[in-house]
Amino acid sequence: MTRRARALLGTFFEISLEAESQSIANAAIDAGFAEASRLERMLSFFNPESEVSRLNAFGHRQAQIVSPELLELLRFCVELSRQSGNLFDVTVSENSKSTSECIVIEGNTVGFKETAKVNLGGIAKGFIVDRVTDTLLKGEVSDIIVNAGGDLKISRSSGIPVGIRDPREPTRCAEAITIASGAVSTSAPYFSFSKLIDPRTGACVDTLRSVSVIANSCMVADGLTKVVGLEASDTFSILPILKSHGASALVLSSDTNDEKSREFYG
Amino acid sequence: MSRTRPLFWFSTLPALALHAPFAYAAHYLDIDEAQRLLFPNAEQFTVVNTATESAGNPPLRIWKATGKTGLIGYFVVDEVIGKHEYITYSVALSAHGVVQRIEILEYRETKGWQVANQAWREQFKHKTARDKLEVGEDISNISGATLSCKHVTEGVRKILSFYESQLKVSA
């Protein structure tokens, strides 16, 4: 097995795989990292030269032709927003009143109905993990694991345990899920302050929960962690959304007073 | 798991002792592997003496990479400490001090600050196949909140300023 890591997407981006020779493995891994940094440059909210920044600067004046990658990602964002009653929301605006409903997608163009911007920080990492895995699958390699600081995708012939960090003691694992093929994404505030904003209140979510979603696609898993994180007390609304994506969720609370310290949905 | 477990334990005792304070560790590349990967055309790597210079603590380890045409660039190894993690990484600089590539060599997490909470832990008993696994023993993949790589970014900045002040003149 060849395993390598780089500092990408603001985190540690790791690729491991099997190949017949070291040179095949190295070439595949380099192609994977190259794809990750290409997509990072395209989707970054903070890079003024990114495609997302161009859309944010001009999208409200005129619909912009966007790349197939950004189009696919924005289509899913709009779908998940609609499905979750705007709990998942990639738009940002000065008065925080915009919702994903202001995103207009027509053909290969995207525009905004009002002055708004999109920040894909809550989902781009999962999307990039999927795309990097697809890139690797084109090569003569097998048993692929792509892990972008906790958002991971596995494409293997046999199952492998994935540890879920314990929100009380993040340097230990609370449990392990065995996966041969699929994705896991975890959203939790233990390494930084919560950056999850509740679009209903505009305030940061003050929760000590760890939300992991298991799905086929890492983009889906990444996006759903935000929905489950906001609605973890409302099983009725979460279950149909998870089910429609073939996903399941594991919610761990780090609050000892919380009666529901471990919940599994799906 | 392994039939040769007693032997396995015996032979890995020093390694275990060395890694005892770390909850999770991943080794990606040895220094010589990274040198070959980052400078495939280099024929020789010569140690640059950084002991007397302001190379930080621990000091930067620097090699000159030379090939048929002379100096190709510099191979730098540095360590940074995050809030919970120790990272050893390498940087390939061109002869003109431009970053060509950064590779993580080793990643280790500390667990010294963990809070033991037996009551909370009890709740997991019998609920999972592998309750309360120690990270690093046989779990090599973890899903969790994202760790920032900003210490590596800061480290690279430090390396570039070292190049400007100490290496550029000798290049």
Side-chain angles (χ1 to χ4, degrees), chain A residues 1-14 16 22 26 30 33 125 145 147-152 154 160-179 183-192 210 212 214 221 252-256 261-262 264, chain B residues 22-24 26-29 33-34 36-37 40 80 82-85 87 89 101-107 109-117 119-124 127-153 155-156:
Chain A
M1 189 189 72
T2 302
R3 193 174 188 197
R4 297 231 313 263
R6 288 204 197 162
L8 277 172
L9 314 180
T11 186
F12 297 98
F13 197 105
E14 189 184 271
S16 44
Q22 194 60 49
N26 285 343
D30 285 347
F33 284 138
K125 213 181 313 139
I145 304 168
N147 188 351
D151 286 348
L152 65 97
I154 297 172
I160 192 165
V162 174
I164 305 292
R165 285 188 196 272
D166 184 335
R168 273 202 80 84
E169 299 170 38
T171 53
R172 297 182 61 140
C173 280
E175 27 197 303
I177 302 166
T178 301
I179 296 175
V184 193
S185 175
T186 299
S187 179
Y190 39 74
F191 288 131
S192 64
S210 151
S212 299
I214 303 116
L252 303 175
S253 170
S254 62
D255 185 351
T256 37
S261 61
R262 181 193 186 275
F264 188 80
Chain B
F22 301 111
Y24 175 76
H27 176 82
Y28 300 104
L29 290 164
E33 284 173 329
R36 282 199 303 273
L37 197 69
V80 284
K83 201 170 169 192
H84 323 279
E85 67 281 10
I87 303 126
Y89 67 101
R101 206 152 120 181
I102 304 159
E103 286 278 344
I104 312 291
L105 304 183
E106 199 162 34
Y107 175 97
E109 279 182 22
T110 60
K111 63 169 188 179
W113 55 284
Q114 69 173 249
V115 189
N117 188 314
W120 197 79
R121 216 173 277 172
E122 289 293 322
Q123 298 168 355
F124 287 98
K127 285 188 175 176
T128 58
R130 315 174 72 165
D131 189 43
K132 281 291 171 185
L133 296 134
E134 282 284 340
V135 186
E137 276 185 16
D138 52 1
I139 301 282
S140 54
N141 297 284
I142 308 173
S143 181
T146 301
L147 274 156
S148 165
C149 67
K150 72 169 196 287
H151 297 288
V152 173
T153 318
V156 174

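Just so it is clear, the model here is predicted, and its values are computed rather than measured. Lettering follows sequence order; numbering is per chain, from 1.
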**Prompt:** A:Ile164 versus chain B, heavy atoms under 4.5 Å apart: side chain, backbone, both or neither?
**Reply:** both
**Request:** To the nearest 0.5 Å, tell me how far B:Arg36 CZ sits from A:Asn26 CG.
**Result:** 10.0 Å
**Message:** So, using side-chain contact (heavy atoms from CB on, under 4.5 Å) as the criterion, who are the partners of A:Ala7 when residues are at least two apart?
**Reply:** B:Cys149, B:Val152
**Item:** Selection from A:Asp30, A:Ile177, A:Ile154 maximising heavy-atom pairs under 4.5 Å formed with chain B
**Value:** A:Asp30
**Message:** Determine whether a donor-acceptor pair (N or O, by modelled atom type, separation under 3.5 Å) exists between the side chain of B:Ser143 and the backbone of A:Asp151.
**Reply:** no
**Asked** B:Ser148 and A:Phe12: which non-hydrogen atoms are nearest, and at how many Å?
**Response** O-CE1, 3.6 Å
**Prompt:** Considering all heavy atoms of both residues, which atom of B:Glu103 and which atom of A:Ala5 are nearest to each other, and what is their separation?
**Reply:** OE1-O, 3.7 Å
**Item:** Set of residues satisfying ring pair (Phe, Tyr, Trp, His ring centres under 6.0 Å) with respect to A:Phe13, sequence neighbours excluded
**Value:** none
**Test item: A:Glu14 and B:Asn141 side chains (from C-beta on) under 4.5 Å apart, heavy atoms** = yes
**Fill in**
Turns out that what part of B:Tyr107 lies under 4.5 Å from chain A's heavy atoms comes down to side chain
**Message:** Tell me which of these, A:Ile160, A:Thr2, A:Val184, has more heavy-atom pairs under 4.5 Å with chain B than the rest.
**Reply:** A:Val184
**Request:** Answer whether the closest heavy-atom distance between the side chains of A:Arg6 and B:Ile102 falls below 4.5 Å.
**Result:** no
**Fill in**
Distance col, row A:Arg3:CZ vs B:Tyr28:OH, nearest 0.5 angstrom, shows 5.0 Å
**Prompt:** By a 4.5 Å heavy-atom criterion (distance strictly below it), what part of A:Thr11 contacts chain B: side chain, backbone, both, or neither?
**Reply:** both
**Per-residue contact mode, B:Leu105 against chain A (heavy atom under 4.5 angstrom)** = neither
